[in-house]
Structures are given as C-alpha cells and as structure tokens.
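Predicted model, so just to flag it, every value in this text is computed and none were measured. First listed ligand is number 1; within each ligand, the first listed atom is number 1.
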Amino acid sequence: MRNRQSSMIVLALAIFLIIIIYFFQSEALFGPMSNTSMNRDQAQSQSEADQGERTATAEPLPIPELLEDTNPHPDQATFDIVSQNGSKTFVNDVETETMGYNGDYLGPVIRVRRGEEVTINVENQLEDELTTIHWHGLEVDGEADGGPHSGILSGETWSPTFTVDQPAATLWYHPHPEKNTGRQVYKGLAGLLFVEDEVSDQLAIPKTYGENDIPLIVQDKQFNADGRFNYHLAMPDIMTGLQGDTMLVNGSIDPYLEVNQEMIRLRILNGSNASIFELAFDSGITFHQIASDGGFLTEPVEMDQLRLGPSERAEILVDFSQVTKGEVVQLMNRNQSFMTFNVEGQAETAFTVPDSLTTIEPIEPSEAVRTRQFVFQGMGPSVNINGKQFDIDRIDETISLGDTEIWEVSNDSGMGMMGGTVHPFHAHGVQFQILDRDGRAPAPNERGWKDTFIVEPGETVRVIATFNSPGVFMYHCHILEHEDAGMMGQFEVK
Ligand SMILES: [Cu+2]
C-alpha cells in the first residue's frame, strides 16, 4: 500500500515536470506572446539568434526594377521578358541554382495602364525546359493567359497582345507548365504586374515606386545543410505542399528597409508555393489594407494581422510617423520576424489614410444564371476537384460569354485527418466577389475583387463573377504541389 502511494506521488511529480518543461519549450519555440519595439542591436541579435548557424548577413531590401516599356506609342506598351537559369547565394556563401526573369532570381515589375494595348515578348532561355508565363489576375482572353496550353519551348519566344481593361491592381506573373509549376516558381520564376488607372492616379496615397510604394514578394524556402535550395518532395510536403523554414523578401533573407517617419504603401504578394502567412508588425502597430487581389477596396480596413494564402495579394498603408526616429519595426510571420524597417528622420510629405478609395458595384446574386459546385477532395497524390484530376484534353465546365455565375467552392479534403488541409482556390481570367463563407458575410478586407481565396477544411465559399473573357482557362488549388498533382480543371468561356 505504501509502495503504491509513493509511486503515485512519483508519477504525479513526473507529469508536473513534463508540463513545466513543455511550457518552457513552447516559450522558446514560439517566443514571448507580446513583442515590444527593440533598438537596432537588440533586433540584430534576435535576428542572429533566429538564424542559428546560418551566416547570412542582413542586406537592404532588394527592389525589383521597373521594366522599361520600349514602345513609344502612348496607348501601347511593349515589354521583353527572358526566362533564364541563374545562380544566387542565399546562405553560407554557397551558390545555388536558380531561375529568374531577366536576372538570376524573381523578375522586374511590369507596370501597365488600363486601356493600354500591351505586347509582352517572352523568350524561354531555360536549358531544355518548357515553360509558360501566366498573368495571374489579369482579365485577358484564354489565348493570352499563359496557362498550360501556351507552352514555350527552349529557345522560342511567345508574344501575347492584350488590352488592359480592369481596375488598378497589384497582379503577378509566374510559369504554369503542366506538372512543373511548383519547381519553376520555387527556383525563382515570379514577378509583379501593376495595373494603374485614373483611380490610382487620383488617390492621395504613396505612389513613388521603391521609395514609399514598396513591393514585397514574400516566400518561404527549405535550404539543404550546404545552403542550396531543396526542392525535393518528401513527407510531409506531398501532403501540405512545399513549405520552408526560411523566409525570403524579394529574394533576401531578413532584409532591412530604411523608411522615413511617414506613411508607406506595401504591395505584398504571398509568393510561396504552399504556405499561409499570418503577417503582423511588432510594437502593436496597426495598418490599413487598401487593396485585395483585384484592386482597391471601397474603403481602407484597419487591421493588426493579415492572413494571406499562396498567391493572394494585399496592399497596406503603414504609418511610420508614429514611430520614434532610430527605432526599428519588425515585420513578422506567426510571431517570427523576417524583415526590419529602420525608421529614419522626418518626411517631406505627410499622407493620411483616405476615407474612401474606389467604388465597387456589387454583383447581385439574382443576376447569376446558374450555380456551379467545386469540391476540393483527396490528399497527397490523389488531390482532385469534383473527383477529377487535371486532363489537358478535357474541358470540365462550359460558360456562355458574358454570363454571371455563382461558384460554390467547398473543401472536403483531408477532413478528420490531421485537421484537414486548407486549399486556396484560383481561377484564371476573371475577378470574383465573395458572397459568403458558410453563409456568413466575408470580412471587410475580403469585400473587394478576388482572384484567389482560401477555403478552410469543411468550409464552403460562395463567389460571384461575370465571365467577359473568351477562351480556355484553368481553375485550381494554388498550393502549387497540389496543382501539379492534378488539383486543377478547365473551363471554357464562349
Ligand atoms: Cu490544395
């Protein structure tokens, strides 16, 4: 009896000890729950601690160049893009093989105007490798969209021409070859595409590119121990898509940006293959989201955290005038800092957050001629939509040109196993309005134009769109490893 009592006490003590150890480990893993602003030395030592053995040194944020329009005609624009192999050093002074547009990694910003007739010459200089280039979020005909049907062989050039007819927005471009999109994007093929119009001209918001209008392509990567890129799909990547433990911003690890004490506009792209980012600033700084995927919201939305799935974009205004000179502000994903803003002196300009941004005509559900269902199903190699995996010779849905439709997208994938998998839905050549999520109105920052939206496990998202661009287009999960595995279908508008 006595023995039994003492062994019970030992057991209770052991459990207590395990709980204590677990608590302290969680604290070490996830960091303190509240962050306060740090000075530069503290920030650097925290940053070094985050990096562990790695010898990356903080560098200024690289700003992608604005691609030159070589067409002198005021209503036309011509751009030249080359997909090429390259190499770049990210960590440990080791060069890793990369891909880039007009360079070693990522690509320039293509800036176009509404109403402009645009031609983009895309030359494929990749060695023995087919590629395509898809203008993500652009409302163009299927022939110009750059999906898997528009393969460019090594040494060939593809030159689509289209007229831009949609509101100002931060879009992006990336390859879309069948079964090889994930690898090519991971190696570095991605760039931003800005649409400007009279609304963006007239808004009193920061718009000096690279100074107070800053692009942030945020990605996460896995590096091998030797510092090379690791695009090798093992478990759990086959299930989740390829997620990494190292964050890159415009291709740089832990970069810093010097800003004045003023309002800064950040155009953020989640350029990851598979990760959902939860972005926030330390020091309790709030910000205003002013644009979603397809353009400006009707009014700014004040937020302290931004959830962004793969391929989603958000433009935000951050007011650094409230930060003391010499302080640093960290941009964090899930409480881990991955970029630093060094706040310098006073600015010459003083922007304020506008009361309103643009008008968006809501598309009424009564205008819809039909409702289609899309169901994400399966796991790993069996991922599919509506029970079907991608077949380039099969058109899954046919839509009449000019029709308005409701698309009901649900996620049955992985239910009951490991908490399920989130799938971001994307359709080409069209911008949606979100009607509801499981019957509830969307959050204020999701009440603008969307071409990509997260669908949680078990959730049903209803969206509405008018299909004004003819041709064959893709709809798919934007976890690129799911897309490559066949979680994609085709719709034809005619
Ligand atoms: Cu998916």
Side-chain angles (χ1 to χ4, degrees), residues 134 136-137 147-148 172 174-186 190 218-222 231-244 269-278 293 307-313 372-392 396-397 407-428 432 434 437-438 446 450-463 473-491:
H134 165 56
H136 183 120
W172 70 300
H174 63 80
H176 216 297
E178 192 181 351
K179 296 193 170 85
N180 200 15
T181 295
R183 185 178 142 276
Q184 289 190 357
V185 172
Y186 193 85
V218 184
Q219 301 174 304
D220 59 340
K221 302 285 172 183
Q222 285 177 21
Y231 192 78
H232 172 70
L233 297 184
M235 287 299 280
D237 314 317
I238 292 165
M239 309 301 277
T240 60
L242 201 126
Q243 301 180 339
L269 161 69
N270 179 338
S272 76
N273 278 39
S275 295
I276 291 167
F277 296 142
E278 285 177 13
D293 303 333
R307 190 158 194 257
L308 221 49
S311 195
E312 284 187 296
R313 284 90 62 209
R372 282 175 213 266
Q373 267 94 23
F374 299 87
V375 185
F376 285 125
Q377 298 170 325
M379 300 174 79
S382 75
V383 288
N384 67 75
I385 300 174
N386 293 344
K388 294 179 286 183
Q389 290 197 311
F390 183 65
D391 179 349
I392 199 162
D396 299 281
E397 311 288 335
W407 285 16
E408 207 173 272
V409 186
S410 17
N411 180 356
D412 280 357
S413 156
M415 283 304 290
M417 305 246 330
M418 299 185 296
T421 308
V422 175
H423 297 287
F425 185 89
H426 168 54
H428 291 205
F432 295 102
I434 297 182
R437 290 182 169 275
D438 282 340
E446 284 203 320
K450 295 287 293 169
D451 55 53
T452 311
F453 49 90
I454 286 170
V455 189
E456 303 284 349
E459 189 182 34
T460 296
V461 184
R462 284 198 324 141
V463 297
F473 298 96
M474 305 294 131
Y475 58 87
H476 59 91
C477 173
H478 221 287
I479 290 179
L480 300 180
E481 287 68 34
H482 290 176
E483 172 192 327
D484 283 343
M487 203 173 226
M488 178 157 71
Q490 305 192 79
F491 64 101

Novice: Return yes if some donor-acceptor pair links the side-chain N/O of Q377 with the main-chain N/O of D412 below 3.5 Å, else return no.
Specialist: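 No: the side chain of Q377 does not pair with the backbone of D412.
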Novice: Which residues and atoms, protein N, O or S only, are under 2.8 Å from the Cu ion (ligand 1)?
Specialist: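 Within the sphere that stays under 2.8 Å of the Cu ion (ligand 1), the protein atoms of type N, O or S are H423 ND1, C477 SG, H482 ND1.
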Novice: Please check if the number of heavy atoms outside K179 that lie under 6.0 Å from its NZ is greater than 12.
Specialist: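 No, not enclosed.
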Novice: Is there any salt bridge (charged side-chain N to carboxylate O under 4.0 Å, His left out) pair reaching into residues 372-384, and which pairs are they, with sequence neighbours excluded?
Specialist: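 For residues 372-384: R372-E397, R372-E405.
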Novice: Which of parallel (below 30°), tilted (30 to 60°) and perpendicular (above 60°) describes H134 and H426?
Specialist: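 H134 and H426: tilted rings.
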Novice: Going by the rule side-chain contact (heavy atoms from CB on, under 4.5 Å), which residues pair with Q373 if we only count those two or more places apart in sequence or in a different chain?
Specialist: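 By the side-chain contact (heavy atoms from CB on, under 4.5 Å) rule, Q373 matches T371, E408.
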Novice: Could you list the residues that satisfy side-chain hydrogen bond (donor to acceptor under 3.5 Å, both in side chains) with Y231, not counting sequence neighbours?
Specialist: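 Y231 satisfies side-chain hydrogen bond (donor to acceptor under 3.5 Å, both in side chains) with E481 only.
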